[in-house]
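Quick caveat: nothing in here was measured; it's all calculated off a predicted structure.
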Amino acid sequence: MAEDFKVIDADVHNEQNDADLLPYLAEPWRSRVANTGIGYAGSGYYSPVGVMKKDAIPASGGKAGSDPDLMIKQLLEGYNVEYCVLTGVVYNISTTHDPDYAAVICSAYNDFLIGEWLGKHKAFKGAMAVATQDPYLAAKEIDRVGGHPDIVEVMISSAARAPLGQRMYHPIYEAAERNGLPIAIHPGAEGGGSSTAPTAAGYPSRYIEWHTCLSQMFMAHLVSMVCEGVFEKFPRLKVVLTEGGIAWLPHLMWRLDKNYKALRSTVPWLKKLPSQYIREHCYLTTQPIEEPDNPQHLIDLFNMIDAENMILYSSDYPHWDFDSPSMILRRLKPEAKRKIFYENAKSLYNL
């Protein structure tokens, strides 16, 4: 049933078959993908429920999320979605070892996104993908594609070789700021390929552990970005922490502020409390929203971080843990709900 309020969905995964990128690839990359597929270095953890919603698989076959018409019917029309940000899955290429190959795959995907998706419906907006192995190639790609009117953000993977605040990544942020685009960070391949272990303790045994601990990656990256001075160096940059949870943020902000008061000499470039940088520059998406038995606990947590101004609604369509806008955050006040489901994203993405 459609909602009675407008929605902007900040995380919708449009999928593609590997062969779909072939027209956008030159040799020798085209033959490589034709012969072996793209070859993502995934995490390798088994999920008994799979990754995709079964009803999102097109009747004609193909991957769930690969049919624009079905997405329009199920998501846009089904939930009164005015805009949705197509985030794809190609950001996972950042765990492969070859930086040139990873950059080429991202470029091909971005051309595919523009050519095959963004013109299909006025609601479709694109998150262009870049690989983090070679930030200079990533910056070049942002400058190539970032001016397209329907590209609204730059997507990178949270599965990385080092914390994302370190200065090796700064060319990516400089290019994003130059093009007026937020950076979105998304999980999916932690522990695969050239990325670090998916938890602070190492490699877990099962998908439930891996999936639960993904928030650890976001905590580490956010602390790194603040302490390395990313937001001082790039004062207009916005960052969207996509699909990493929310409940961890209050204690991280408190702990980081406390430590800063005693250790500020180690980060002399910071001019504000760490929590202030986070509030001014960062957004988090709702999915996968934490759902305590007592809903008031989540509302209390939201109040601790001024969540109504920092959170963007996301469904994660067509993944198994899809969050319907009609089912989550029911107890929020109307004004907070309007901001989270619509106004925050409208402002961030200049829609």
When you measure from the side chain of [X] to the backbone N and O of [Y], does any donor-acceptor pair fall under 3.5 Å?
X: Ser94; Y: Thr132; result: yes
X: Lys339; Y: Ile311; result: no
X: Arg30; Y: Leu22; result: yes
X: His148; Y: Asp150; result: yes
X: Ser314; Y: Asp11; result: no
X: Tyr101; Y: Ile38; result: yes
X: Asn294; Y: Gln296; result: yes
X: Thr285; Y: Glu243; result: yes
X: Tyr277; Y: Lys271; result: yes
X: Glu290; Y: Ile246; result: yes

Aromatic ring pairing His186/His13, orientation class (parallel under 30°, perpendicular over 60°, tilted between): perpendicular

Mutual orientation of the aromatic rings belonging to Tyr24 and Phe112 [parallel < 30°, tilted 30-60°, perpendicular > 60°]: perpendicular

Side chains of [X] and [Y]: does their closest heavy-atom pair fall under 4.5 Å?
X: Asp9; Y: Tyr83; result: no
X: Ile142; Y: Ile172; result: yes
X: Ile208; Y: Thr212; result: yes
X: Met219; Y: His251; result: yes
X: Ser158; Y: His221; result: yes
X: Arg32; Y: Pro28; result: no
X: Ile8; Y: Val81; result: no
X: Leu86; Y: Leu118; result: yes

Polar contact flag, side-chain donor to acceptor under 3.5 angstrom, Lys63-Asn17: no

Residue pair Tyr313, Phe341: steps toward the ring pair (Phe, Tyr, Trp, His ring centres under 6.0 Å) verdict: CA-CA 5 Å; Tyr313 166 73; Phe341 282 87; 5.0 Å; yes

Hydrophobic cluster membership, Ile278 vs Leu312, 4.5 Å side-chain cutoff: no

Linked, directly or transitively: Leu214 and Leu164 (ILVMFWY side chains, under 4.5 Å): no

When rounded to the nearest 0.5 angstrom, what is the spacing between [atom1] in [X] and [atom2] in [Y]?
X: Asp293; Y: Leu298; atom1: CG; atom2: CG; value: 12.0 Å
X: Met71; Y: Asp69; atom1: CE; atom2: CG; value: 10.5 Å
X: Lys261; Y: Leu256; atom1: NZ; atom2: CG; value: 11.0 Å
X: Leu241; Y: Ile185; atom1: CG; atom2: CD1; value: 5.5 Å
X: Ser107; Y: Leu25; atom1: OG; atom2: CG; value: 9.0 Å
X: Ser60; Y: Leu70; atom1: OG; atom2: CG; value: 9.0 Å

Trace of the salt bridge (charged side-chain N to carboxylate O under 4.0 Å, His left out) decision for Arg144 with Asp111: CA-CA 10 Å; Arg144 185 183 77 90; Asp111 290 338; 3.0 Å; yes

Could you check whether [X] pairs with [Y] (Lys NZ or Arg NE/NH1/NH2 to Asp/Glu carboxylate O, under 4.0 Å)?
X: Lys346; Y: Glu343; answer: no
X: Lys53; Y: Asp316; answer: no
X: Lys125; Y: Glu153; answer: no
X: Arg279; Y: Asp306; answer: no

Phe234 and His170 aromatic centres sub-6.0 Å: yes

Centroid-centroid under 6.0 Å between Tyr79 and Phe322 rings: yes

From CA spacing to verdict: salt bridge (charged side-chain N to carboxylate O under 4.0 Å, His left out), Glu228, Lys233: CA-CA 9 Å; Glu228 296 279 356; Lys233 190 173 182 180; over 6 Å; no

Does [X] have more than 12 heavy atoms from other residues, nucleotides or ligands lying within 6.0 Å of its [atom1]?
X: Lys272; atom1: NZ; value: yes
X: Arg178; atom1: CZ; value: yes
X: Tyr203; atom1: OH; value: yes

Pairing residues for Glu82 by the side-chain hydrogen bond (donor to acceptor under 3.5 Å, both in side chains) criterion, not counting sequence neighbours: Tyr342

